[in-house]
Amino acid sequence: MGRDVPALVFTREDRRRYRIKMQECLDAFAQMLREARFDAERPQVGLEIELNLVDDRSGPAMRNVDVLEAIADPAWSTELGRFNLEINVPPRRLIAGGPDAWESEIRAALNHADERARSVGSHLIMIGILPTLRQQDVGEGALSENARYRLLNDQVFAARGEDLLIEVDGEDRLRTYADTITPEAACTSTQFHLQVSPQEFAPYWNAAQAIAGVQVALAANAPFLFGKELWHETRIPLFEQATDTRPQEIKVQGVRPRVWFGERWINSVFDLFEENVRYFPALLPLCDDQHPGETLERGDVPELSELTLHNGTIYRWNRPVYAIAHDKPHVRVENRVLPAGPTVADTLANGAFYYGLTRALVEEDRPVWSRMSFSAAEDNLHAAARHGIDARLYWPGTGEVPANELVLRRLLPLAHQGLERSGMDEAWREPLLGIIEQRCVTARNGAVWQKEMVHHIESRAHCGRHEALRRMTEQYIAYMHLNAPVHTWPVE
């Protein structure tokens, strides 16, 4: 929901008009799909990275407004928390210029932003959850100043009618209540975008859902929250709970959550937008003046503002996106399961694995989603979030196997195959997918390094948990800037 909204109070009339406009948008979208009005000739990929701001002691720095002013680049924007920022890396063809060119572009942007952040006493860190974050850091005062976040917070709690329960059991146990949605700001992610034709959207979305658990197992990077050692990718259960609009009584009635894996394989991109309208009440019922049907009749492209705003308040792990670029509409899959970091090298390796594997799965004679239940894919996601690279995951034809074994034996060759079909030669593929291979061989990712490093510091320095987390975070930032893949990071 990356758009500015005014601070206001919604009336019943606002909600009635919004419901009507959403249906008009849905009807116009269906017509556009029938008439093949979408840009699919030169599909592109895109990348968003959410980051945390820290101070000189590696604690959260509530300075995103100051840092944004210092960066002065429209590619950067605020996120939910005052200690968050996001960069929207310009879209590109998958093989345009090669991986080295994309890596250089991203690193240059991040290094420039970090240099500007330092000028106002802050530093950037790419990580799934900031380890030094304490519960007192995510109160109401940590909400970003943009009115849309305050409005979203008010609407979530108006729907709930009570405080949020956050409960995660791992090595430690966390059970606490929150009176704002700001704990969601602890979750910082990497989002890969893939533009596809409307005809290809369903198979690509199904493929992305099928491998979500594998992605998280490989890239888990969020084992600590509020000083507790929890899941390897604690961001998954935290995000599911921190934006839940349902009180307990509504949950037990089977009402769907807004952070949603989904419940079925799909046949069309329309299925997802239709589910949004059918199942989820509007949180931000803001209408514009455009009538999408009339816009289509004039031969113009409708914004579908109400439908896209609503879509932005439903947090699917793989989200459908409708957008307009260069006066042409397109659809894309937004892959949202991965944490941020640890390095740009790791990030691009994760992207290569995702883009290559989804293409290979889409082009198989017998798609994986025809041989695998949807619930098995969802179970994989939560098993991977809990256990990380040590998770055992289900895959058709192999049963339940260790995640690293599944990748090495079955999925990594497919990822190579998919990238090759996309036009990426071996010299480009090998360094990227080699990082994934070595993560599997060593069974080491960001979560494993964080946990081992904290235990090492605690035993060596005989310090408390928060000090160990602080020192680990300092070392993490140093290694992050070296851009060596995380499986090579020492524990010392």
Straight-line distance of N206 CG to I211 CD1, nearest 0.5 Å:
12.0 Å

Do the side chains of D288 and K21 get close enough for a salt bridge, i.e. N-O under 4.0 angstrom?
yes

Below 4.0 angstrom, N of the basic side chain to O of the carboxylate: do E48 and R336 qualify?
no

Looking at Q253, I'd like to know if its CD atom is crowded, meaning that more than 12 non-hydrogen atoms belonging to other residues, nucleotides or ligands lie closer than 6.0 Å.
yes

Between F261 and F374, does the ring centroid distance fall short of 6.0 Å?
yes

Does S144 reach the main-chain N or O of E79 with its side chain, forming a donor-acceptor pair under 3.5 Å?
yes

Answer yes when R264 and E275 have at least one side-chain N-carboxylate O distance shorter than 4.0 Å, and no when they do not.
yes

Determine whether more than 12 heavy atoms belonging to other residues, nucleotides or ligands lie under 6.0 Å from atom CZ of R19.
no

Using distance alone, with no hydrogens and no angle criterion, decide if E184 and Q241 have a side-chain donor and acceptor under 3.5 Å apart.
no

For residues T245 and L283, determine if any side-chain heavy atom of one lies less than 4.5 Å from a side-chain heavy atom of the other.
yes

Under the side chain to side chain donor-acceptor pair (under 3.5 Å) criterion, do E140 and T180 qualify, and how do the steps go?
CA-CA 6 Å; E140 185 175 357; T180 74; over 6 Å; no

Angle class for the F280/W260 ring planes (parallel below 30°, perpendicular above 60°, tilted otherwise)?
perpendicular

Can we say R92 and E105 salt-bridge, meaning some charged N sits less than 4.0 Å from an Asp/Glu carboxylate O?
yes

Could you walk me through whether E240 and H382 pass the side chain to side chain donor-acceptor pair (under 3.5 Å) test, one step at a time?
CA-CA 11 Å; E240 289 175 340; H382 288 98; 2.8 Å; yes

